[in-house]
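Predicted, not measured: the structure shown is a model, and the values here were computed from it.
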Number of protein chains: 2
Amino acid sequence: MISNAKSDAPAAQSDLQQLADALTPAPDGGLRERKKRARREALIDATHRLVEEHGLDAVTVEAICAEAGVSTRTFFNYFETKDDAVLGHVPWPLDTEAAVAFAAGGPSGHLLSDLETLVGSFLQDPPVGRERFNRAFEIAAREPRLLARHLAWFEQHKGQIVALVEQRLGEEPERSPLVVAALALFLTHATFMHWDESGGAGDGGDHLAFVVAELRALVTD
Amino acid sequence: MISNAKSDAPAAQSDLQQLADALTPAPDGGLRERKKRARREALIDATHRLVEEHGLDAVTVEAICAEAGVSTRTFFNYFETKDDAVLGHVPWPLDTEAAVAFAAGGPSGHLLSDLETLVGSFLQDPPVGRERFNRAFEIAAREPRLLARHLAWFEQHKGQIVALVEQRLGEEPERSPLVVAALALFLTHATFMHWDESGGAGDGGDHLAFVVAELRALVTD
DNA sequence: TAGAATGTTACACGGACTGCAACTTTGCAC
DNA sequence: GTGCAAAGTTGCAGTCCGTGTAACATTCTA
């Protein structure tokens with residue numbers, strides 16, 4: 001129906017055409033999309049620069065916007081809160097390769113191991129670019145408020161994670177999807193803390209592996 | 001020195017006396033202490049009443065204060081944020097019997113089991129009274145923001161938990177105190193979520209036991 | 001009962017965040 | 001390229017949260 005809307009009679013064209021357009025996401029290379037991404041990154045960078053220099057509480061949204069050459073109103077079109085700009089929080093696309101593989105029951109078939117893989121893939125390939133991610137991480141380690149906001153952000157996506165787990169476990173799950181989702185939060189959080197404790201050195205995957213090993217040791221006593 | 005300050009010569013009395021007084025916590029039954037507690041509980045109750053009726057975002061601090069008969073400035077002498085009043089967040093006394101027992105290596109000697117005991121004791125005997133705790137919990141289940149704030153509050157006490165774990169594990173810990181602290185957060189959080197999922201019914205300890213059982217099953221596969 | 005300690009209050013203020021109504025820019029069809 | 005619709009930006013007015021300060025009130029204690 002919608003897919004051949006373009007070949008409809010001119011009389012009915014307008015409405016159907018609009019609908020079809022609305023359902024067709026703009027191509028990634030559109031000027032609009034590129035400008036949007038550029039602005040978001042400019043805002044994140046400006047925030048990082050200022051916070052790095054003056055500290056989180058001394059930096060106002062107004063100052064960030066002046067630095068980035070944008071009105072404060074626009075700032076809040078991009079980020080829900082000031083803290084989100086520091087953390088580079090961004091709508092989370094959950095249809096990555098890793099997520100699909102996890103939902104399908106892979107890659108190893110062991111729930112905990114695959115959860116580790118899933119979290120690891122997120123740490124390896126964050127949605128805002130590695131450098132920005134690392135800088136956000138360094139700042140967050142110094143500002144307790146941001147750690148909390150990060151947890152809150154994760155909590156917001158609980159529903160999506162639960163859905164992923166439910167999909168994997170099927171109709172009659174032996175494990176509680178909620179607990180698995182909470183475990184994913186634990187893995188992420190503990191990894192961040194351990195990473196921080198070691199001075200931000202090394203690879204995220206290594207710290208994650210450490211946390212999982214600790215968890216196994218703790219449980220099996 | 002300080003313990004016999006009262007028998008000092010009159011000339012030096014004033015200063016030392018003041019110091020001694022400052023170090024002697026007021027008896028629990030002082031009028032001041034009772035009023036303070038009463039006010040805090042009145043504020044929490046007023047907040048609960050209004051939020052229950054109008055929802056978190058529609059309730060202003062001003063309204064809460066009018067309801068409780070207190071100035072808004074005083075409100076912020078009791079709670080850091082509006083959300084804290086809903087949750088009944090309160091300075092956390094960590095020198096409970098259970099905490100001391102945990103730090104000493106008890107009661108069972110198994111780290112995970114004892115962590116369960118510790119978290120359980122907190123759930124059984126919250127610092128604001130059972131009814132208020134339950135009401136806060138019901139509201140939090142409906143308002144995502146509060147769940148996040150609750151995580152943030154827990155995060156604030158990470159240091160204290162880590163200290164407790166370090167005390168238990170001694171000089172050369174085989175386990176990472178940070179990871180254990182994160183695990184405590186996980187247990188608390190997952191318990192809350194599972195409690196909520198079951199409609200708020202039952203005992204907190206039962207839900208906690210469920211979560212621990214799930215965790216064991218997940219890890220041992 | 002006086003004086004120290006503690007708590008409450010009004011007031012003024014900074015800053016986060018929102019709704020709205022112009023205005024500008026981009027995408028698209030012809 | 002012209003015109004029109006969709007999307008994005010901006011200024012502005014306004015709400016509310018949270019803080020510093022200094023005067024005032026209450027409680028405690030010697």
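Contact annotation: B/Lys82 does not reach the phosphate of D/dC16 (side-chain N/O to OP1 or OP2, under 4.0 Å). Distances shorter than 4.0 Å separate none of the side-chain N or O atoms of A/Lys35 from OP1 or OP2 on D/dG8.
Rounded to whole Å, atom C1' of D/dT27 lies 16 Å from atom CZ of B/Arg37. Here the P atom of nucleotide D/dT9 and the CZ atom of A/Arg40 are 10 Å apart, to the nearest Å. Nucleotide D/dC17 holds its C1' atom 13 Å from the CG atom of B/Leu56, rounded to whole Å. Counting to the nearest Å, the C1' atom of D/dT19 and the CG atom of B/Asp84 are 16 Å from each other. The nearest whole Å value for the distance from the CZ atom in A/Arg39 to the P atom in D/dG8 is 11 Å. Taking atom CG of B/Asp83 as the reference point, atom P of D/dC16 lies 16 Å away to the nearest angstrom. Rounded to whole Å, atom P of D/dT26 lies 18 Å from atom NZ of B/Lys36.
B/Thr188 and B/Thr191 share no donor-acceptor pair across their side chains, judged by distance under 3.5 Å alone.
Shown here are the ring-ring contact (aromatic ring centres under 6.0 Å, His included) partners of A/His157, two or more places apart in sequence or in another chain: A/Trp92, A/Trp153. Residues satisfying the salt bridge (charged side-chain N to carboxylate O under 4.0 Å, His left out) criterion with A/Glu143, sequence neighbours excluded, are absent altogether. Partners of A/Ala46 under the side-chain contact (heavy atoms from CB on, under 4.5 Å) rule, at least two apart in sequence or in another chain, are A/Arg49, A/Ile64, A/Glu67, A/Ala68. With sequence neighbours left out, the ring-ring contact (aromatic ring centres under 6.0 Å, His included) criterion links A/Phe133 to no other residue. With sequence neighbours excluded, the residues satisfying salt bridge (charged side-chain N to carboxylate O under 4.0 Å, His left out) with A/Glu41 are A/Arg132. Take B/Glu116 and apply the salt bridge (charged side-chain N to carboxylate O under 4.0 Å, His left out) test, not counting sequence neighbours, and it matches no residue. Shown here are the salt bridge (charged side-chain N to carboxylate O under 4.0 Å, His left out) partners of A/Asp203, two or more places apart in sequence or in another chain: A/Arg130. Evaluation of the ring-ring contact (aromatic ring centres under 6.0 Å, His included) rule for A/Phe192 yields A/Phe137, A/His150 as partners, not counting sequence neighbours.
Of the candidates C/dT8, D/dA6, D/dT27, D/dA6 carries the atom nearest the A/Arg32 side chain, counting heavy atoms from C-beta on.
A heavy atom lying under 4.0 Å from DNA chain C marks none of the residues of residues 149-158 of chain A. Within residues 42-53 of chain B, no residue has any heavy atom closer than 4.0 Å to DNA chain D. Of the residues in residues 57-80 of chain A, those lying under 4.0 Å from DNA chain D by heavy-atom distance are A/Val70, A/Ser71, A/Arg73, A/Thr74, A/Asn77, A/Tyr78.
With hydrogens and angles disregarded, a donor-acceptor distance shorter than 3.5 Å links the side chain of B/Lys82 to the backbone of B/Leu56.
Among residues at least two apart or in separate chains, side chain to side chain donor-acceptor pair (under 3.5 Å) pairs with a member in residues 192-202 of chain A are A/His194-A/His207.
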